[in-house]
Engineer: 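Provided herewith is a single structure, encoded as structure tokens, for subsequent inquiry.
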Amino acid sequence: HFGPNIVVQGSMEFLADETLVASLALLQVEDLFQLGQTSRRLLALAGSDLVWLPATLARWRFGALPSVGEALSPGDRDAASLSALAETLRSPLSRGVEAFRCFVGRYKQDVRVVILLLQILVAQTGQTVKRAGICHPGAVVMLQSAAHRGKTGVVTRWQSGDDFAVIIASLKAESMQQLKVNSQSLTLLETAVSTKEAEQALLQMGAEAIDALVTLTKMTGTGTDPFLRSLSAAASRVLATTMEHWAVAQWRLLRQDPSRIDLFEEGGLVVALWSDPEAVDVKRVRGLLSTLVDAVARQTPEEASLIQRVNAVSDVLFRDFGFGGNSDDYYNPRNSFLHHVLEQRRGIPISLSIVWAAVARRMNVPCFLCAQFPRHIVIRVPTGAGNFMDDIYVDAFGQKVMDYRGLVSFGISIGLPAVPEEYVAVCPPTAIYARLLRNLISIFSQNFAEDAVQPNSLRTPRLPRLIGAISQFIAVADPAAADQVQELTRTRTALRERHDAVRFLDASSLHALTASLHTEPLAR
């Protein structure tokens, strides 16, 4: 890494534009802005897509991409990012995707997220009194003092005379200084808003707000400042609802194309990102799946029969890579999240089956998960014979490849006297995710019930997780499940009312409020 002074002092005139742009792409964002002020040539080159596209993609994993207007599924977004990067490498001086414009726009939106959260905190103190043209708690202001000229902040309180306390809006904890500023050094940009208005504005930002919210949720770990802890808590609340809305929108998008070969992994990415938007690396998940596919391909000759390809997938996953059931911690919700299953190589029947099917489909093995199979999930591989009794079946949890007779024997072992065709009927991938989400609803509702009778160990984040799982189930549920959807919709409404109340209640009050919640009906 080198700073701007080294570049400027070197023999810059002997370097081709392409070489300079490639060098600029190595710099930190702060250096780029400083460097552009030292030379007209550098200023012109510093706006190239090759400089700003990598920085934009690294900083924002959700929301709009440069030059891509429509919403994309996680895998499609990653593929579009790789394609855009490849194009910029071919044309390093191009500004065709306007990456710099996108970077600046997203940065301004991040600052907006901070401002709205600060306004929420001020509004909850009850200090906001709107006075047009005059600074007041909750107002958005621009500082005019020499040390902070041009920076935006939020007035937190009146101090004395014409002096106000102002917090600078920033995604860096060390930059969020609370300053004592005279009103003469402030320019009023916006008046204060209510908590509800600020939260609605954040939710309207949608996916564009997610990355900033994730960053702000971690501010509690930077110190013991009670203000930062409050800011982090507010960000966590808004993030949970934002991710719920994002996931529901993603399911609607995926349902538009039920024939996609990668629908299993795309659905898995949606659930995983909803569960932990910070930890899930879409590129890594897709890379891990590709590694498995490559390993199967190396063991599978081109002329391999269908059963040989099925056995190759099972051998690679179970024998070579050690995938297996997590019997010791079966009801841990992480067993349902694709990234965790791929990293730990442990899961439950439904998640292991999703991994098996995602790899098999890439190996041209036609397959689907039997969402109607009771008590367990198995994979059906149609042989083309036209009869379900002639097809191949896979138990990913038990690591077995079976014919229909073997499937019947397996059914008997788990208490099924017979395996009729309806148990193994063709279902869309969304049906399997409805079942996975139903499992999560059961787990989260049980956890919530345990919390409600143990007020000292209450963990309110489980409330939004339960609400989010219910919303996603409603989004993917089959129309035939209308009664269950109505029941869960009523339950979700009750949970949201309790969640709103949680913000202002201590643990003992919350315990009294939710003591009977676990008796309300939930999906099994």
Engineer: Hey, could you give me the CE/CD distance between Met243 and Gln472, rounded to the nearest 0.5 Å?
Structural biologist: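 CD of Gln472 is found 8.5 Å from CE of Met243.
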Engineer: Tell me which donor-acceptor pairs under 3.5 Å the side chains of residues 316-328 have, and how far apart each pair is, sequence neighbours excluded?
Structural biologist:
{"unit_1": "Arg319", "atom_1": "NH2", "unit_2": "Gln299", "atom_2": "OE1", "d": "3.3"}
{"unit_1": "Asp320", "atom_1": "OD2", "unit_2": "Gln299", "atom_2": "NE2", "d": "2.8"}
{"unit_1": "Asn326", "atom_1": "OD1", "unit_2": "Asp329", "atom_2": "N", "d": "3.3"}
{"unit_1": "Asn326", "atom_1": "ND2", "unit_2": "Asn335", "atom_2": "OD1", "d": "3.0"}

Engineer: Does Arg309 have any salt bridge (charged side-chain N to carboxylate O under 4.0 Å, His left out) partners at least two apart in sequence or in another chain, and if so, which?
Structural biologist: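 Arg309: no salt bridge (charged side-chain N to carboxylate O under 4.0 Å, His left out) contacts found.
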Engineer: Just jot down the ring pair (Phe, Tyr, Trp, His ring centres under 6.0 Å) partners of Trp251, sequence neighbours excluded, or say none.
Structural biologist: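 In terms of ring pair (Phe, Tyr, Trp, His ring centres under 6.0 Å), with neighbours along the sequence ignored, Trp251 is linked to Tyr433.
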Engineer: Any sub-3.5 Å donor-acceptor pair from Ser275's side-chain atoms to Ala272's backbone N or O?
Structural biologist: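 Confirmed, Ser275 side chain pairs with Ala272 backbone.
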Engineer: Within the side chain of Arg361, is there an N or O that forms a donor-acceptor pair under 3.5 Å with the backbone of Cys367?
Structural biologist: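 It does hold such a pair.
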Engineer: Sequence neighbours left out, what passes salt bridge (charged side-chain N to carboxylate O under 4.0 Å, His left out) with Asp78? Give chain and number order.
Structural biologist: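 With sequence neighbours excluded, Asp78 shows a salt bridge (charged side-chain N to carboxylate O under 4.0 Å, His left out) to Lys283, Arg286, given in chain and number order.
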Engineer: Considering residues, nucleotides and ligands other than Tyr331, do more than 12 of their heavy atoms fall under 6.0 Å from its OH?
Structural biologist: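 Counting neighbours around OH of Tyr331, 12 or fewer heavy atoms of other residues, nucleotides or ligands fall under 6.0 Å, so no.
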Engineer: To the nearest 0.5 Å, what is the distance between CG on Leu352 and CD1 on Ile377?
Structural biologist: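 So the gap between those two atoms works out to 11.5 Å.
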Engineer: Counting distance only, does the side-chain N/O of Arg334 pair as donor-acceptor with the main-chain N or O of His340 below 3.5 Å?
Structural biologist: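 The answer is no, because no donor-acceptor pair under 3.5 Å joins these two groups.
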Engineer: Does this structure show an ion pair linking Arg112 with Glu208, if we count only N-O contacts that are shorter than 4.0 Å?
Structural biologist: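 So Arg112 does not pair with Glu208 through a salt bridge.
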Engineer: Using modelled atom types only, decide if a donor and an acceptor are shared between the side chain of Ser232 and the backbone of Leu228 within a distance under 3.5 Å.
Structural biologist: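 Side chain of Ser232 to backbone of Leu228: no pair is present.
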Engineer: Any sub-3.5 Å donor-acceptor pair from Arg77's side-chain atoms to Gly63's backbone N or O?
Structural biologist: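 Yes, because the side chain of Arg77 sits within donor-acceptor range (under 3.5 Å) of the backbone of Gly63.
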Engineer: Do we see a donor-acceptor contact under 3.5 Å between the side chains of Arg362 and Ser290?
Structural biologist: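 Judged by distance alone, the side chains do pair up.
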Engineer: Taking only residues two or more places apart in sequence or in another chain, which ones pass salt bridge (charged side-chain N to carboxylate O under 4.0 Å, His left out) with Arg284?
Structural biologist: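 For Arg284, the residues satisfying salt bridge (charged side-chain N to carboxylate O under 4.0 Å, His left out) (neighbours in sequence not counted) are Glu343.
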Engineer: Sub-3.5 Å donor-acceptor pair from the side chain of Gln250 to the main-chain atoms of Leu72, do we have one?
Structural biologist: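 Checked: pair present.
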Engineer: Tell me which donor-acceptor pairs under 3.5 Å the side chains of residues 404-422 have, and how far apart each pair is, sequence neighbours excluded?
Structural biologist:
{"unit_1": "Tyr404", "atom_1": "OH", "unit_2": "Val419", "atom_2": "O", "d": "2.7"}
{"unit_1": "Ser409", "atom_1": "OG", "unit_2": "Arg405", "atom_2": "O", "d": "3.2"}
{"unit_1": "Ser413", "atom_1": "OG", "unit_2": "Phe410", "atom_2": "O", "d": "2.4"}

